[in-house]
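The structure appears below as C-alpha coordinates.
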Amino acid sequence: MTAKISYSDVEVGTELPARTFPVTRATLVQYAGASGDFNPIHWNEKFAKLVGLPDVIAHGMFTMAEAIRVVTDWTGDPGAVLEYGVRFTKPVVVPNDDQGATIEVSAKVAAKLDDNTVRVDLTVISAGQKVLGMSRAVVRLA
(Lines give C-alpha, C1' and ligand atoms only; values in the text may rest on other atoms or scores of the structure.)
Protein backbone atom coordinates (compact mmCIF):
# COMPACT_ATOMS: atom_id res chain seq x y z
CA MET A 1 0.00 0.00 0.00
CA THR A 2 1.04 3.58 -0.49
CA ALA A 3 -0.33 6.76 1.00
CA LYS A 4 -3.18 8.19 -1.05
CA ILE A 5 -2.44 11.78 -0.04
CA SER A 6 0.10 13.64 -2.12
CA TYR A 7 2.82 15.63 -0.37
CA SER A 8 2.30 18.49 -2.84
CA ASP A 9 -1.41 18.73 -1.91
CA VAL A 10 -0.69 19.26 1.80
CA GLU A 11 0.24 22.48 3.57
CA VAL A 12 1.13 23.25 7.17
CA GLY A 13 -2.20 23.65 8.94
CA THR A 14 -4.06 21.10 6.80
CA GLU A 15 -6.66 19.53 9.09
CA LEU A 16 -7.35 15.83 8.99
CA PRO A 17 -10.94 14.63 9.37
CA ALA A 18 -11.70 14.45 13.10
CA ARG A 19 -13.17 11.30 14.62
CA THR A 20 -14.85 10.23 17.82
CA PHE A 21 -14.30 6.69 19.10
CA PRO A 22 -16.67 5.05 21.62
CA VAL A 23 -15.15 3.01 24.45
CA THR A 24 -17.19 0.64 26.60
CA ARG A 25 -16.27 -1.96 29.17
CA ALA A 26 -16.84 -4.59 26.47
CA THR A 27 -14.30 -2.78 24.26
CA LEU A 28 -11.74 -2.99 27.06
CA VAL A 29 -12.33 -6.71 27.59
CA GLN A 30 -11.91 -7.31 23.85
CA TYR A 31 -8.69 -5.29 23.82
CA ALA A 32 -7.39 -7.12 26.90
CA GLY A 33 -7.95 -10.43 25.14
CA ALA A 34 -6.19 -9.26 21.98
CA SER A 35 -3.25 -7.62 23.77
CA GLY A 36 -2.85 -9.98 26.70
CA ASP A 37 -3.01 -7.02 29.11
CA PHE A 38 -5.41 -8.19 31.80
CA ASN A 39 -4.41 -5.62 34.44
CA PRO A 40 -7.52 -5.34 36.66
CA ILE A 41 -7.53 -1.52 36.47
CA HIS A 42 -8.96 -2.03 32.97
CA TRP A 43 -11.92 -4.23 33.94
CA ASN A 44 -12.40 -4.39 37.74
CA GLU A 45 -14.05 -1.28 39.14
CA LYS A 46 -13.45 -2.24 42.78
CA PHE A 47 -9.74 -2.81 42.17
CA ALA A 48 -9.37 0.38 40.10
CA LYS A 49 -10.88 2.46 42.91
CA LEU A 50 -8.80 0.62 45.53
CA VAL A 51 -5.61 1.78 43.81
CA GLY A 52 -6.84 5.39 43.62
CA LEU A 53 -8.40 5.61 40.17
CA PRO A 54 -11.85 7.14 39.71
CA ASP A 55 -13.09 4.04 37.88
CA VAL A 56 -11.93 1.51 35.29
CA ILE A 57 -9.62 3.13 32.73
CA ALA A 58 -8.84 2.34 29.11
CA HIS A 59 -5.47 0.83 28.25
CA GLY A 60 -2.98 3.52 27.26
CA MET A 61 -1.93 1.59 24.17
CA PHE A 62 -5.58 1.21 23.17
CA THR A 63 -6.01 4.98 23.43
CA MET A 64 -2.90 5.50 21.30
CA ALA A 65 -4.16 3.02 18.71
CA GLU A 66 -7.55 4.68 18.42
CA ALA A 67 -5.93 8.11 18.03
CA ILE A 68 -3.56 7.12 15.22
CA ARG A 69 -6.53 5.79 13.22
CA VAL A 70 -7.23 9.41 12.26
CA VAL A 71 -3.84 9.50 10.53
CA THR A 72 -3.99 6.04 8.96
CA ASP A 73 -7.52 6.65 7.66
CA TRP A 74 -6.34 9.95 6.15
CA THR A 75 -3.31 8.49 4.42
CA GLY A 76 -5.06 5.27 3.42
CA ASP A 77 -1.96 3.31 4.41
CA PRO A 78 -1.00 2.32 7.97
CA GLY A 79 2.54 1.68 6.67
CA ALA A 80 2.87 5.40 5.90
CA VAL A 81 3.36 6.09 9.64
CA LEU A 82 7.12 6.19 10.21
CA GLU A 83 7.12 7.47 13.81
CA TYR A 84 4.46 7.89 16.46
CA GLY A 85 4.77 8.94 20.06
CA VAL A 86 2.64 10.34 22.88
CA ARG A 87 2.74 11.25 26.53
CA PHE A 88 -0.03 9.85 28.68
CA THR A 89 -1.49 12.85 30.51
CA LYS A 90 -4.87 11.66 31.86
CA PRO A 91 -6.65 8.32 31.81
CA VAL A 92 -9.74 7.59 29.74
CA VAL A 93 -12.26 6.74 32.45
CA VAL A 94 -14.84 4.20 31.27
CA PRO A 95 -17.98 4.06 33.42
CA ASN A 96 -20.07 0.90 33.64
CA ASP A 97 -23.14 2.18 31.83
CA ASP A 98 -24.67 1.93 28.38
CA GLN A 99 -22.61 4.84 27.05
CA GLY A 100 -19.07 4.30 28.34
CA ALA A 101 -16.63 6.99 27.24
CA THR A 102 -15.55 8.64 24.02
CA ILE A 103 -12.14 9.53 22.66
CA GLU A 104 -12.24 12.63 20.45
CA VAL A 105 -9.34 13.01 18.04
CA SER A 106 -8.42 15.91 15.80
CA ALA A 107 -5.17 16.36 13.91
CA LYS A 108 -3.36 18.73 11.60
CA VAL A 109 -0.19 18.89 9.60
CA ALA A 110 2.29 20.77 11.79
CA ALA A 111 5.38 20.64 9.54
CA LYS A 112 6.45 19.59 6.06
CA LEU A 113 9.69 17.65 6.31
CA ASP A 114 12.12 16.10 3.83
CA ASP A 115 11.52 13.06 1.61
CA ASN A 116 7.73 13.56 1.24
CA THR A 117 7.19 13.36 4.99
CA VAL A 118 5.05 15.51 7.26
CA ARG A 119 4.63 15.78 11.02
CA VAL A 120 1.05 15.47 12.16
CA ASP A 121 0.09 16.72 15.61
CA LEU A 122 -2.92 15.09 17.24
CA THR A 123 -5.23 16.41 19.93
CA VAL A 124 -6.83 13.61 21.93
CA ILE A 125 -9.59 14.41 24.42
CA SER A 126 -11.93 12.40 26.64
CA ALA A 127 -14.46 13.89 29.06
CA GLY A 128 -13.20 17.37 28.20
CA GLN A 129 -9.62 16.59 29.21
CA LYS A 130 -6.54 16.07 27.08
CA VAL A 131 -5.62 12.41 27.58
CA LEU A 132 -2.57 12.25 25.31
CA GLY A 133 0.04 14.99 25.20
CA MET A 134 2.79 15.54 22.66
CA SER A 135 0.90 13.22 20.34
CA ARG A 136 2.83 13.36 17.07
CA ALA A 137 3.32 11.20 14.01
CA VAL A 138 5.73 11.43 11.10
CA VAL A 139 4.08 10.20 7.93
CA ARG A 140 5.41 9.57 4.42
CA LEU A 141 3.00 10.80 1.75
CA ALA A 142 2.79 9.97 -1.95
Give the intermediate values and the outcome of side-chain contact (heavy atoms from CB on, under 4.5 Å) for residues R19 and D73.
CA-CA 10 Å; R19 298 238 354 235; D73 288 352; 2.3 Å; yes

Apply side-chain contact (heavy atoms from CB on, under 4.5 Å) to R25 and E45, showing your working.
CA-CA 10 Å; R25 295 280 177 95; E45 185 174 331; 3.4 Å; yes

Under the salt bridge (charged side-chain N to carboxylate O under 4.0 Å, His left out) rule, what do K108 and D121 come out as? Steps first, then yes or no, please.
CA-CA 6 Å; K108 67 179 176 179; D121 290 355; over 6 Å; no

Test side-chain contact (heavy atoms from CB on, under 4.5 Å) applied to V105 and L122, step by step
CA-CA 7 Å; V105 184; L122 296 89; 4.0 Å; yes

Hey, mind stepping through L113 and V118 against side-chain contact (heavy atoms from CB on, under 4.5 Å) and telling me if it holds?
CA-CA 5 Å; L113 309 170; V118 296; 5.8 Å; no

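Taken together through direct or relayed side-chain contacts under 4.5 Å among Ile, Leu, Val, Met, Phe, Trp and Tyr, V23 and I125 form parts of separate hydrophobic clusters. Connection of V81 to V120 is established within a shared hydrophobic cluster, with ILVMFWY side chains joined at heavy-atom distances below 4.5 Å, either directly or through further cluster members. Cluster annotation: M61 is connected to V94 through the hydrophobic network of ILVMFWY side chains, with a link wherever side-chain heavy atoms come within less than 4.5 Å. With hydrophobic clusters built from ILVMFWY side chains whose heavy atoms lie under 4.5 angstrom apart, M64 shares a cluster with V124. Hydrophobic clustering of Ile, Leu, Val, Met, Phe, Trp and Tyr side chains at less than 4.5 Å, counting indirect connections, unites V71 with Y7.
Expressed to the nearest 0.5 Å, how far NE2 of H59 lies from CG of N39 amounts to 7.5 Å. Separating the NZ atom in K130 from the OG atom in S135 is a distance of 8.5 Å, to the nearest 0.5 Å. From L132, atom CG reaches atom CZ of F88 across 6.5 Å, with rounding to the nearest 0.5 Å. Considering OG1 of T27 and CD of E66, their distance stands at 8.0 Å, rounded to 0.5 Å. Atom CD1 of I41 sits about 12.5 Å away from atom CG of L50, to the nearest 0.5 Å. Separation of atoms CG (N116) and OG (S8) is listed at 8.0 Å; rounding is to 0.5 Å.
In terms of heavy-atom proximity, L28 sits nearest to A58 at CD2-CA, 3.6 Å. Closest approach of V131 and P91 over heavy atoms only: CG1-O, 3.9 Å. Between P17 and V70, the closest heavy-atom pair is O-CG1, 3.5 Å. The shortest non-hydrogen separation linking V12 to A111 is CG2-CA, 4.0 Å. In terms of heavy-atom proximity, Q99 sits nearest to T24 at O-CG2, 4.3 Å. Looking at every heavy atom in both residues, G133 comes nearest to T89 through N-CG2, 3.6 Å.
Judged by distance alone, the side chain of Y84 and the main-chain N or O of V139 form no donor-acceptor pair under 3.5 Å. Judged purely by atom type and a 3.5 angstrom limit, K112 uses its side chain to pair as donor or acceptor with the backbone of V10. In this structure, the side chain of T102 does not engage the main chain of T20 through any donor-acceptor pair within 3.5 Å. Put simply, the side chain of N44 gets close to the backbone of K46: a donor and an acceptor are under 3.5 Å apart.
Using a 4.5 Å heavy-atom cutoff, the side chains of L141 and W74 are in contact. Counting heavy atoms from C-beta on, the side chains of L82 and T117 come closer than 4.5 Å. The closest side-chain heavy-atom distance from L16 to V109 is below 4.5 Å. Two residues are said to be in side-chain contact when any heavy atoms from C-beta on lie closer than 4.5 Å; V93 and V56 fail this criterion.
In this structure, Y31 and F62 have perpendicular ring planes: the angle between them is above 60°, well past the 30° mark.
By the 4.0 Å N-to-carboxylate-O rule, K4 lies too far from D9 to be salt-bridged with it.
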